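Single-structure report; data block below.
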Amino acid sequence: MHRILPPKRLERIRRAHIAIRDTWDADIIEALQPASDDLIVEKRRDSIFQDTELELWLRAMRVDTLVFTGIDTAICVEPSLRDAFNRGYDVVLLADATASREHDFYETTLREVQDNFGLVLQVSQFF
């Protein structure tokens with residue numbers, strides 16, 4: 001556990017513990033239920049790469065490009081995307097398939113990705 005956290009983040013943690021294993025907000029929603037052969041990664045930190053087996057699976061499958069969606073754009077999606085980029089993956093962020101509590105943070109993430117890391121597309125442009 002961190003001893004130093006910005007007050008805003010500390011307040012969010014105190015107010016609502018999120019994505020805790022075996023609680024309602026860690027459940028996979030009906031529309032996104034994995035197939036029997038899908039790999040499931042239990043995310044433990046802001047970045048999907050931190051303390052998970054994801055990179056081993058990606059390397060084994062010879063994946064070279066990752067497409068990012070999710071919540072919260074600036075808190076979880078961006079750290080994961082940056083980690084992917086720094087590990088040598090090409091990255092794409094689907095802007096209309098992400099969201100943030102703070103619109104300014106969302107916009108900053110979109111600009112950062114577009115200017116420094118990869119592509120920012122709409123879902124309709126991707127498919």
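This one's a predicted model, so the numbers in the text were calculated from it and none came from an experiment.
- Note that the CG atom of Leu54 and the NZ atom of Lys43 stand 11.5 Å from one another [nearest 0.5 Å].
- Taking Arg59 as the reference, Glu55, Arg87, Tyr89 meet the side chain to side chain contact (heavy atoms under 4.5 Å, CB included) condition, with sequence neighbours excluded.
- Rounded to the nearest 0.5 angstrom, Thr73 OG1 and Glu102 CD are separated by 12.0 Å.
- Two different hydrophobic clusters hold Leu39 and Ile28 under the rule that ILVMFWY side chains link at heavy-atom gaps under 4.5 Å.
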Side-chain polar contacts of residues 65-72 - donor-acceptor pairs under 3.5 angstrom, sequence neighbours left out - could you list them?
unit_1: Asp72; atom_1: OD1; unit_2: Ala74; atom_2: N; d: 3.3
unit_1: Asp72; atom_1: OD1; unit_2: Ser100; atom_2: OG; d: 3.0
unit_1: Asp72; atom_1: OD2; unit_2: Arg101; atom_2: N; d: 3.3

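- With sequence neighbours excluded, the residues that form a ring-ring contact (aromatic ring centres under 6.0 Å, His included) with Tyr106 are His103.
- Sequence neighbours left out, not one pair with a member in residues 26-64 passes ring-ring contact (aromatic ring centres under 6.0 Å, His included).
- Under the side chain to side chain contact (heavy atoms under 4.5 Å, CB included) criterion, Ala31 pairs with no residue at all, not counting sequence neighbours.
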| query | Run the side chain to side chain contact (heavy atoms under 4.5 Å, CB included) check on Glu112 and Leu93 step by step: do they pass? | reply | CA-CA 11 Å; Glu112 282 292 324; Leu93 176 64; over 6 Å; no
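- Counting all heavy atoms, side chain and backbone alike, Arg45 lies closest to Asp51 at CG-OD2, 4.2 Å.
- Between the CD1 atom of Ile40 and the CG atom of Asp38 there is a distance of 7.0 Å, given to the nearest 0.5 Å.
- The line from CG of Asn116 to CZ of Arg111 is 11.5 Å long, rounded to the nearest 0.5 Å.
- Proximity of a side-chain donor or acceptor of Gln50 to a complementary backbone N or O of Asp46 within less than 3.5 Å is not detected.
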Output side-chain donor-acceptor pairs under 3.5 Å for residues 120-127, partner residues at least two apart or in another chain, one line each.
unit_1: Gln125; atom_1: OE1; unit_2: Gln122; atom_2: N; d: 2.7

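- Transitive grouping of hydrophobic side chains (ILVMFWY, heavy atoms separated by less than 4.5 Å) keeps Val92 and Val63 in distinct clusters.
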| request: Apply side chain to side chain contact (heavy atoms under 4.5 Å, CB included) to the pair Thr52 and Arg44, showing each step before the final yes or no. | output: CA-CA 8 Å; Thr52 70; Arg44 296 170 181 89; 3.8 Å; yes
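- Taken together through direct or relayed side-chain contacts under 4.5 Å among Ile, Leu, Val, Met, Phe, Trp and Tyr, Leu58 and Ile48 form part of one hydrophobic cluster.
- Rounding to the nearest 0.5 Å gives a distance of 11.0 Å between CG of Asp104 and OG1 of Thr109.
- The minimum heavy-atom distance linking Pro79 with Ser47 is given by the pair O-OG, 3.8 Å.
- Separation of atoms CG (Leu94) and OG1 (Thr98) is listed at 8.0 Å; rounding is to 0.5 Å.
- Residue Val77 is not grouped with residue Leu119 when hydrophobic side chains (ILVMFWY) are merged at heavy-atom distances under 4.5 angstrom, including chains of intermediate members.
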